[in-house]
Amino acid sequence: MRLLCRLGVLRRLGVLRAGIITSAVLLCTLGVAAPPGSAAVAPLPARMADTGGGSQLITAEARRASSTSGTVTWWNRRAGGRWVKAGSAPARFGAKGLVEGGRRKQGTNTTPTGLYDLPFAFGNAAAPKGTSVVYRRVHRASWWCQDNDSRSYNRWTEPRPRDCRAAESEHLADYKKQYAHALVIGFNYHRPVRGRGAGIFLHVNGRAATAGCASVPKADMRRILKWVRPGRSPHLAIGTAGGATAITRY
């Protein structure tokens, strides 16, 4: 078929009439014999090492580890295992880029790569109508403890315990814009390692890059909250397009 597409060669061979040549051109145009390697690329979740075992996945992908922006996409797994994109949004990452989650250090303004669950959501604003994930409203006494010396390290506290220093924690009510809505990312959450990092969320955009979280525009954050279904075991994967922190490794 590749020869049939080369009309000059066909004419030199003198074996085709005008009508046959026209048919050959039509066949080539319709793609009857597509060249090798032209098949459509499988959706991102289908190329990943792990997606968490559920039927919902959020991917947060940056071009490279030094990037401070990228794309967040949310996916549904249909019957038969086929992944279909449900939506996407421009994303922001840490001011110092991304780093392998297991090697991250607290206070470095880096977003941890890896595959994580989504323990719960919270916000200074009410949950969007249709939200089914556990959603906690922020009050004046709501804090996220980031004090490495506290028993409440990397936990929501209300009120702030005595062993958790305010200077080493986030007063959630002070971030009305960024934390209008947020999803807790399960990085270093279930078995916290001191010094690795605390308070990593998917939240609403601020003015620029984040201090280590991932963020999206407010309208998209609301769409994600309405889309997430706890019974479908949603997870979030953070990574880069290639290299040591490639999202397909997770």
Side-chain angles (χ1 to χ4, degrees), residues 41-48 50-52 54-77 83-101 104 109-123 125 127-128 130-131 133 135 175 177-187 189 199-230 232-243 245-250:
V41 177
L44 179 55
R47 293 181 278 121
M48 293 175 59
D50 190 6
T51 57
S55 58
Q56 285 190 327
L57 178 71
I58 301 172
T59 55
E61 186 179 20
R63 186 173 181 180
R64 57 178 65 91
S66 60
S67 299
T68 60
S69 63
T71 304
V72 161
T73 306
W74 46 108
W75 308 81
N76 289 313
R77 185 166 59 83
W83 286 96
V84 178
K85 183 170 74 172
S88 65
R92 295 175 182 172
F93 299 107
K96 297 296 184 181
L98 299 85
V99 69
E100 176 67 43
R104 186 182 187 271
N109 290 339
T110 53
T111 297
T113 62
L115 177 67
Y116 308 105
D117 66 351
L118 302 166
F120 64 92
F122 68 89
T131 299
V133 66
Y135 190 94
Y175 300 89
K177 180 178 181 180
Q178 295 94 322
Y179 297 161
H181 305 294
L183 268 168
V184 176
I185 298 174
F187 166 74
Y189 183 78
I200 302 298
F201 314 125
L202 174 62
H203 62 72
V204 176
N205 283 341
R207 289 185 176 182
T210 73
C213 297
S215 70
V216 295
K218 184 176 181 179
D220 294 300
M221 191 68 230
R222 291 176 63 85
R223 291 187 186 98
I224 291 170
L225 285 175
K226 290 188 287 185
W227 166 83
V228 170
R229 291 290 180 267
R232 297 179 63 182
S233 188
H235 283 70
L236 184 148
I238 305 172
T240 53
T245 53
I247 196 168
T248 51
R249 294 180 58 243
Y250 303 112

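Values reported hereafter were calculated over all heavy atoms of this structure, with side chains retained and with hydrogens, waters and symmetry mates removed. Note that the structure is predicted; figures quoted are calculated from it, not measured.
Every residue meeting the side-chain contact (heavy atoms from CB on, under 4.5 Å) condition with Ala214, not counting sequence neighbours, appears here in chain and number order: Phe93, Leu202. Considering only residues two or more places apart in sequence or on other chains, Tyr179 meets the ring pair (Phe, Tyr, Trp, His ring centres under 6.0 Å) condition with Phe122, Tyr175, Phe201, His203. In this structure Pro119 satisfies the side-chain contact (heavy atoms from CB on, under 4.5 Å) test together with Asp117, Val184, Tyr189, His190, sequence neighbours excluded. Arg249 pairs by the salt bridge (Lys or Arg N to Asp or Glu O under 4.0 Å) definition with Glu100, not counting sequence neighbours. Scored by the side-chain hydrogen bond (donor to acceptor under 3.5 Å, both in side chains) test, Thr210 finds no partners at all (sequence neighbours excluded). Annotation: side-chain hydrogen bond (donor to acceptor under 3.5 Å, both in side chains) contacts of Asp50 (sequence neighbours excluded): none. Annotation: side-chain hydrogen bond (donor to acceptor under 3.5 Å, both in side chains) contacts of Asn76 (sequence neighbours excluded): Trp227, Arg232. Not counting sequence neighbours, the partners of Arg222 by the side-chain hydrogen bond (donor to acceptor under 3.5 Å, both in side chains) test are His181. Legend: residues meeting side-chain contact (heavy atoms from CB on, under 4.5 Å) with Ala42, ordered by chain and number and at least two apart, are Ala46, Arg47.
In this structure, Gln178 CD and Cys213 SG are separated by 9.5 Å, a value rounded to the nearest 0.5 Å. Taking NE2 from His235 and CG from Leu57, the interatomic distance works out to 9.0 Å, rounded to the nearest 0.5 Å.
Side-chain contact between Lys218 and Asn205 is absent, with no heavy atoms from C-beta onward closer than 4.5 Å. By the 4.5 Å heavy-atom criterion applied to side chains, Ile247 and Leu44 are counted as neighbours. Side-chain atoms of Thr111 and Arg104, non-hydrogen and from C-beta on, never get closer than 4.5 Å to each other. Within the 4.5 Å cutoff, side-chain heavy atoms of Leu118 are placed close to those of Leu236. Within the 4.5 Å cutoff, no side-chain heavy atoms of Thr110 are placed close to those of Leu98. Side chains of Phe120 and Leu183 form no contact here, defined as non-hydrogen atoms less than 4.5 Å apart.
With no hydrogens or angles considered, no side-chain donor-acceptor pair links Ser88 and Trp74 at under 3.5 Å.
Counting all heavy atoms, side chain and backbone alike, Thr240 lies closest to Ala65 at CG2-N, 3.5 Å. What you find for Pro128 and Leu225 is that their closest heavy atoms are CD-CD1, 3.9 Å. Closest approach of Pro43 to Trp75, counting heavy atoms only: CB-CZ3, 3.7 Å. Residues Gly52 and Ser233 approach most closely at O-OG, 4.0 Å, considering heavy atoms. Heavy atoms only, all atoms of each residue included: Val72 and Ala60 are closest at CG2-CB, 3.9 Å. Shortest non-hydrogen contact noted between Ala237 and Met48 is CB-CE, 3.4 Å.
Residue pairs meeting the side chain to side chain donor-acceptor pair (under 3.5 Å) criterion with at least one partner in residues 61-71, sequence neighbours excluded, are absent.
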Exercise. Taking it one step at a time, do Trp83 and Thr51 satisfy side chain to side chain contact (heavy atoms under 4.5 Å, CB included)?
Worked result: CA-CA 11 Å; Trp83 286 96; Thr51 57; 3.7 Å; yes
Exercise. Does the pair Val216 and Val204 meet the rule for a side chain to side chain contact (heavy atoms under 4.5 Å, CB included), with working shown?
Worked result: CA-CA 5 Å; Val216 295; Val204 176; over 6 Å; no
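Within the 3.5 Å criterion, the main-chain N or O of Gly54 finds a donor-acceptor partner in the side chain of Arg77.
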